[in-house]
> 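Quick one: this structure, given as structure tokens, is what I'll be asking you about.
None of the values given here were measured: they were computed from a predicted structure. In the text below, chain A, chain B and the rest are named by the order of the sequence lines, each starting its count at 1.
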Protein chains: 2
Amino acid sequence: MDKKQHLLDTALKLFVEFGFHGTPTAKIAKEAGLSSGTLFYFFSTKDELVTSLYVDIKGKMTAAIMDDIEGETSIKKLIEGYFKTPLFWALNNPIEFSFTVQFSNSPYLNQVAAKEIDLHIAPFLTILKRGVKEGTLKNIDPQLIFALVRGHTFSIHQYLAENPADLEKQSKIIAESFLMLWEMIAVHS
Amino acid sequence: MDKKQHLLDTALKLFVEFGFHGTPTAKIAKEAGLSSGTLFYFFSTKDELVTSLYVDIKGKMTAAIMDDIEGETSIKKLIEGYFKTPLFWALNNPIEFSFTVQFSNSPYLNQVAAKEIDLHIAPFLTILKRGVKEGTLKNIDPQLIFALVRGHTFSIHQYLAENPADLEKQSKIIAESFLMLWEMIAVHS
DNA sequence: GTCTATACACCGATAGAC
DNA sequence: GTCTATCGGTGTATAGAC
């Protein structure tokens with residue numbers, strides 16, 4: 001068994017429930033069945049544990065998106081992947097997703113290098129720019145379109161989290177909400 | 001001068017910059033030119049200071065919305081108020097708005113009674129229900145429409161915060177983005 | 001109401017044995 | 001690699017004088 005991973009998993013669960021501040025390292029170690037010393041053997045500081053958890057999760061989410069859009073070239077399909085994949089991923093990994101939301105809206109975000117964040121944003125922005133250039137997307141600032149996709153994702157996630165439903169219904173909501181998003185940002189011919 | 005209000009103002013500024021955890025009560029008191037003892041004379045715990053700050057700000061935002069939509073009856077105008085007012089309010093009160101975003105995505109939110117939160121949501125939900133019933137809004141769950149409006153607001157705020165522009169341009173973006181939102185949720189005849 | 005001084009709990013991190 | 005034990009620092013909150 002991988003103890004480092006076990007510590008990450010335990011920390012994740014506790015952070016989401018009690019917050020970063022509300023979760024002492026001693027509690028993480030104890031809950032994981034390990035000692036404080038071991039925790040600090042794997043992570044030199046608490047901040048490193050928190051931020052590496054974020055980088056970890058963000059990487060997994062991005063990987064899922066990349067996997068989904070692999071080989072795609074159509075703007076619509078690409079944006080669909082960037083929108084739907086995180087949502088389906090969130091259905092299967094609610095705690096991980098909650099963590100990223102909490103982290104992204106906390107001052108911890110500043111501790112993650114801008115380059116690390118840009119790494120996930122840049123490719124999507126390139127796609128959006130192409131979409132605007134080609135006339136597939138409305139002629140508005142790609143940064144704004146990016147914000148709209150993000151916000152829409154955020155909306156649907158919030159809704160799904162607060163209104164439990166079976167997978168079929170959830171899938172339907174995600175699919176329909178993508179069409180709403182697409183109508184909003186695409187040029188209709 | 002109202003020292004309690006001064007403490008609230010100082011705390012607000014520091015919380016947004018350093019986070020709740022990163023801001024000791026002693027620092028708040030010192031920055032406000034007061035002593036720790038005085039702080040705890042006005043607020044019996046730090047948590048009370050944090051949550052009362054939230055309730056305070058939320059109340060002001062809601063008041064601004066209510067003031068804006070006073071006398072309105074048309075669904076479109078009402079939703080426009082609920083969408084635009086917070087955004088314009090955020091332009092003039094960026095720190096306050098940042099605080100609410102940070103607070104809403106932290107475990108502190110659980111410390112605010114559900115009733116307090118519902119107080120701000122319920123009236124808007126009533127309007128949305130009426131809009132769906134009347135056929136002005138698309139026939140989807142009002143809760144979902146609510147989430148969409150929220151997310152859209154979140155998007156535009158994020159965009160405006162990251163892309164500084166003059167007031168005229170900002171106003172234009174807010175106005176145009178409302179139309180995008182309206183097209184998304186309204187029935188087109 | 002406001003201050004100074006301080007109690008005292010807690011937490012992050014280290015040292016050193018095994 | 002993992003543990004136990006513990007240090008030093010920090011932070012909330014209180015006591016009591018003014």
Side-chain angles (χ1 to χ4, degrees), chain A residues 1-57 99 102-103 105-113, chain B residues 1-57 95 98-99 102-103 105-113:
Chain A
M1 56 184 167
D2 188 344
K3 309 210 168 171
K4 185 174 177 179
Q5 189 58 45
H6 189 215
L7 279 166
L8 284 168
D9 293 343
T10 309
L12 170 69
K13 207 172 55 188
L14 293 172
F15 284 152
V16 169
E17 187 170 357
F18 304 106
F20 307 120
H21 168 225
T23 309
T25 51
K27 193 176 178 180
I28 299 168
K30 194 181 172 186
E31 187 88 4
L34 296 167
S35 72
S36 247
T38 304
L39 187 152
F40 284 99
Y41 170 76
F42 287 113
F43 306 95
S44 57
T45 64
K46 183 183 181 179
D47 281 10
E48 195 198 306
L49 169 59
V50 175
T51 53
S52 81
L53 203 44
Y54 177 75
V55 172
D56 230 54
I57 293 173
F99 178 86
Q102 192 172 314
F103 186 95
N105 292 108
S106 81
Y108 270 103
L109 187 65
N110 301 323
Q111 286 184 33
V112 179
Chain B
M1 55 183 172
D2 189 345
K3 307 210 167 169
K4 185 175 178 181
Q5 189 58 45
H6 189 215
L7 279 165
L8 284 168
D9 293 344
T10 308
L12 170 68
K13 208 172 56 190
L14 293 173
F15 285 152
V16 169
E17 188 170 356
F18 305 106
F20 307 120
H21 166 226
T23 309
T25 51
K27 194 176 178 181
I28 299 168
K30 194 181 171 186
E31 188 88 4
L34 295 168
S35 72
S36 248
T38 304
L39 188 151
F40 283 99
Y41 169 75
F42 286 113
F43 306 96
S44 58
T45 65
K46 184 183 181 180
D47 280 11
E48 196 199 304
L49 169 59
V50 174
T51 52
S52 79
L53 204 43
Y54 176 75
V55 171
D56 230 53
I57 293 174
I95 301 180
S98 283
F99 177 86
Q102 193 172 314
F103 186 95
N105 292 107
S106 81
Y108 270 103
L109 188 64
N110 301 324
Q111 286 185 32
V112 179

> So which of residues 7-22 of chain B are in contact with DNA chain C, with a heavy-atom cut-off of under 4.0 Å?
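None - not one residue of the stretch has a heavy atom sitting under 4.0 Å from the strand.
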
> Taking all non-hydrogen atoms of both residues into account, name the closest pair between B/L7 and B/L34 and its distance.
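That would be CG-CD1, 3.9 Å.
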
> For B/S36 and B/A29, work out which heavy atoms get closest and say how close.
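Here B/S36 and B/A29 meet closest at N-CB, 3.7 Å.
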
> Determine, for B/F18 and B/K27, whether the Lys NZ or Arg CZ falls below 6.0 Å from the six-membered ring centre while staying within 45 degrees of the axis.
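Positive - B/K27 is close enough to the ring of B/F18 and near enough to its axis.
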
> Take atom CD of B/E48 and atom P of D/dA13, then tell me their distance rounded to the nearest Å.
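In whole Å, D/dA13 P lies 10 Å from B/E48 CD.
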
> How long is the line joining CZ of A/F42 and C1' of D/dT2, in whole Å?
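That distance rounds to 9 Å.
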
> Name the closest nucleotide to the B/Y41 side chain, picking from C/dC3, D/dT4, C/dG1.
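Within the option list, the nearest is C/dG1.
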
> Any side-chain N or O of B/K3 less than 4.0 Å from the OP1 or OP2 oxygen of C/dT2?
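Result: yes.
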
> Are B/Y108 and B/Y54, when compared by the centres of their aromatic rings, separated by less than 6.0 Å?
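No, too far apart.
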
> Choosing from D/dT2, C/dT2, D/dT12, which nucleotide comes nearest the side chain of B/T38?
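Looking only at side-chain atoms, B/T38 lies closest to C/dT2.
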
> Tell me the closest heavy-atom pair linking A/G19 and A/Q102, and the distance in Å.
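Looking at all heavy atoms of both residues, the shortest contact is CA-NE2, 3.5 Å.
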
> From A/D47 CG over to A/Q111 CD, what is the distance, rounded to the nearest 0.5 angstrom?
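That separation rounds to 4.0 Å.
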
> Provide, to the nearest angstrom, the distance between the CG atom belonging to A/L34 and the P atom belonging to D/dT4.
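Between P of D/dT4 and CG of A/L34: 11 Å.
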
> Write down the atom of B/H21, the atom of A/H21, and the distance for their closest heavy-atom approach.
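Scanning both residues completely, I find the closest heavy atoms to be CD2-CD2, 3.4 Å.
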
> Testing the basics here: between A/L53 and A/F15, what is the closest heavy-atom pair and its distance to 0.1 Å?
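Nearest pair, atom of A/L53 first, then A/F15: CD2-CD1, 3.9 Å.
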
> Please encode protein proximity along nucleotides 13-18 of chain C as a string of B, S and -, counting only heavy-atom distances under 4.0 Å.
BB----

> Which heavy atom of B/K46 sits nearest to which heavy atom of B/F20, and what is that distance?
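Closest approach of B/K46 to B/F20: NZ-O, 3.0 Å.
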
> How close or far is atom P of C/dG12 from atom CD1 of A/I28, stated in whole angstroms?
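Value for this atom pair: 8 Å.
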
> Round to a whole Å and report the spacing from NZ of A/K30 to C1' of C/dC11.
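Result: 15 Å.
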
